[in-house]
Amino acid sequence: MAAGMQRLCSAAGRALSASGTGLTVMAEGGQRGVTAASDAATERLEELQLTLGEGPCIDSFESMSPVLVPDVTDGAPSRWPVYVPAVHTRGVRAVFAFPLQVGAARLGVMDVFRADTGMLSPDEYTLALTFAEVAVATLLDGHDNTGTGPADGWLDDPLGSRAELFQAQGMVMVQLGVSLAEAMVRMRAHAYVQDRRLYEVAADVVARRLRFDT
Amino acid sequence: MTTPTVSAQRLARVFVEIADTLVDEFDLIEFLQLLAGRTADLLDASPVGLLLADQHGRLEFMAASDENAKLLELFQVQNREGPCLDAFRTGTPVVNADLSRAADRWPLFAPRAVQAGFRSVHAFPLRLRAERIGAMNVFSAQVGGRLADTDVEIVQALADVASIGLLQERAIIRGERLGEQLQGALNSRIVIEQAKGAIAQARGVSVDEAFTLIRAYCRSNNLRLGEVAHTITTDLSSIPELSSR
């Protein structure tokens, strides 16, 4: 999976004209976890904000929203007084952080670093969110599944099934007494092994035709 | 000739109530629910829903005056086709669409809406400056449930208030951007669905009943829906009132 994450970072970096792209997997509560990055210098940038305990990545994880910093010298120094000078000396001029999450299940953050100031274009923004979705799917499945679609499976869902998928996640979480992320992993593994669509599995769970604790 | 449904006094009360809600740290989903609920009241209890576009331009359900599985499906179908998608794409309202004659226009949506007991439908774009961010949906079960021109203006004004609320939440304090706001809002809706599932399982009830239980708990303890949904999905045992039968 580590190699898959690195490939994902490299692909995202190229598509987004980034100087580097990194992923940090975090435990609930924001303790640091594994990092992956497009290159060694970016990996050190990922580790830096965890060491410093501040930065767009950490704020994005906490707020569960993207944090977009098109110019690190504009307003950001007061928000992250240690982080900003540290990345600035390493040539970073813009940072865009995207949470890796599905609802309340928080897995980590994807950071896009750029050597030039300026906002992501609307297309680049959409692309970055899509890369983040693929990263979530890869993390949940534990293997590289670039190209198999986003984490919550809505691309192939039938009409009106999206809410059911999230409801099923909550149900399986309680059935198994595990975390929400673990419930998603189990549902996706079940769908994969049984060769069924994720939304079909979710519909069976919500209709109480399928339980995971028996 | 259609007579206006909305009275000026009721409308004034609604705007005051909404203004009161737009304080520092308000719960976005609750705000949108309030707005949908009050709009429904003004229109004599026609169901009202609010949808937001995700980054792919797909409309996702956010809040409704009456949230049940049947209505939820009608809202969600509209990420494929329907009045909300039309209003979102064109930036102009769809009003007084007769569902019995809309099967050609919306072959997926119209028969489902008719089956659910609705006769006509309206949709209003949620706009913010040049950007379109979603749509407000109004259903009517009455024959010829037509909106008068003045009502159309009023409902569009309420839809505009929903857009303003989206940008207000924390945005001004922290200098956040619209994209960040929308993404957070869409995710907070997912948390609520996950919480509904968790309570449905823990209590052995339907997801609709689970939502009723969660809202009742929020009201009686004066807690925000978003916070409670998050606690349910991350630390369910800390709320024995909700988690145990």
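Per chain, numbering begins at 1; letters A, B, ... match sequence-line order.
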Going by the rule side-chain hydrogen bond (donor to acceptor under 3.5 Å, both in side chains), which residues pair with B:T231 if we only count those two or more places apart in sequence or in a different chain?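 Scan of B:T231 (side-chain hydrogen bond (donor to acceptor under 3.5 Å, both in side chains), adjacent residues dropped) gives none.
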
To the nearest 0.5 angstrom, please state how far the [atom1] atom of [X] sits from the [atom2] atom of [Y].
{"X": "A:T130", "Y": "B:H56", "atom1": "OG1", "atom2": "NE2", "result": "4.0 Å"}
{"X": "B:I190", "Y": "A:R162", "atom1": "CD1", "atom2": "CZ", "result": "4.5 Å"}
{"X": "A:S179", "Y": "B:D235", "atom1": "OG", "atom2": "CG", "result": "12.5 Å"}
{"X": "A:Q101", "Y": "B:Q183", "atom1": "CD", "atom2": "CD", "result": "8.0 Å"}

Interchain contact, B:I199 with chain A, by part (heavy-atom threshold 4.5 Å):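 Contact with chain A involves no heavy atom of B:I199 at all.
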
Name the region of A:M173, side chain, backbone, both or neither, that has any atom closer than 4.5 Å to a heavy atom of chain B.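 Contact with chain B involves the side chain of A:M173 alone.
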
For A:Q194, does the CD atom have more than 12 heavy-atom neighbours from other residues, nucleotides or ligands under 6.0 Å away? yes

Take atom CZ of A:R196 as the centre, draw a 6.0 Å sphere, and report whether it contains more than 12 heavy atoms from other residues, nucleotides or ligands.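 Enclosed.
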
What residue, out of [options], has the most heavy-atom pairs lying under 4.5 Å from chain A?
{"options": "B:L236, B:T233, B:L186", "result": "B:T233"}
{"options": "B:I232, B:V207, B:L74", "result": "B:V207"}
{"options": "B:E193, B:Q194, B:Q78", "result": "B:Q194"}

Residue by residue, which of residues 201-214 of chain A have a heavy atom closer than 4.5 Å to a heavy atom belonging to chain B?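 Answer by number: A:R208, A:R211.
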
Could you check whether B:Q201 and A:Q167, counting side-chain N and O atoms only, form a donor-acceptor pair closer than 3.5 Å? no

All ring pair (Phe, Tyr, Trp, His ring centres under 6.0 Å) counterparts of B:W106, not counting sequence neighbours: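 Testing B:W106 for ring pair (Phe, Tyr, Trp, His ring centres under 6.0 Å), a comparison that skips the adjacent residues, returns B:F109.
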
What residues form a side-chain contact (heavy atoms from CB on, under 4.5 Å) with B:A229, not counting sequence neighbours?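 B:A229: side-chain contact (heavy atoms from CB on, under 4.5 Å) contacts with B:V191, B:I192, B:A195.
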
Residue pair B:G184 / A:S65: nearest heavy atoms and the distance that separates them: CA-OG, 3.3 Å

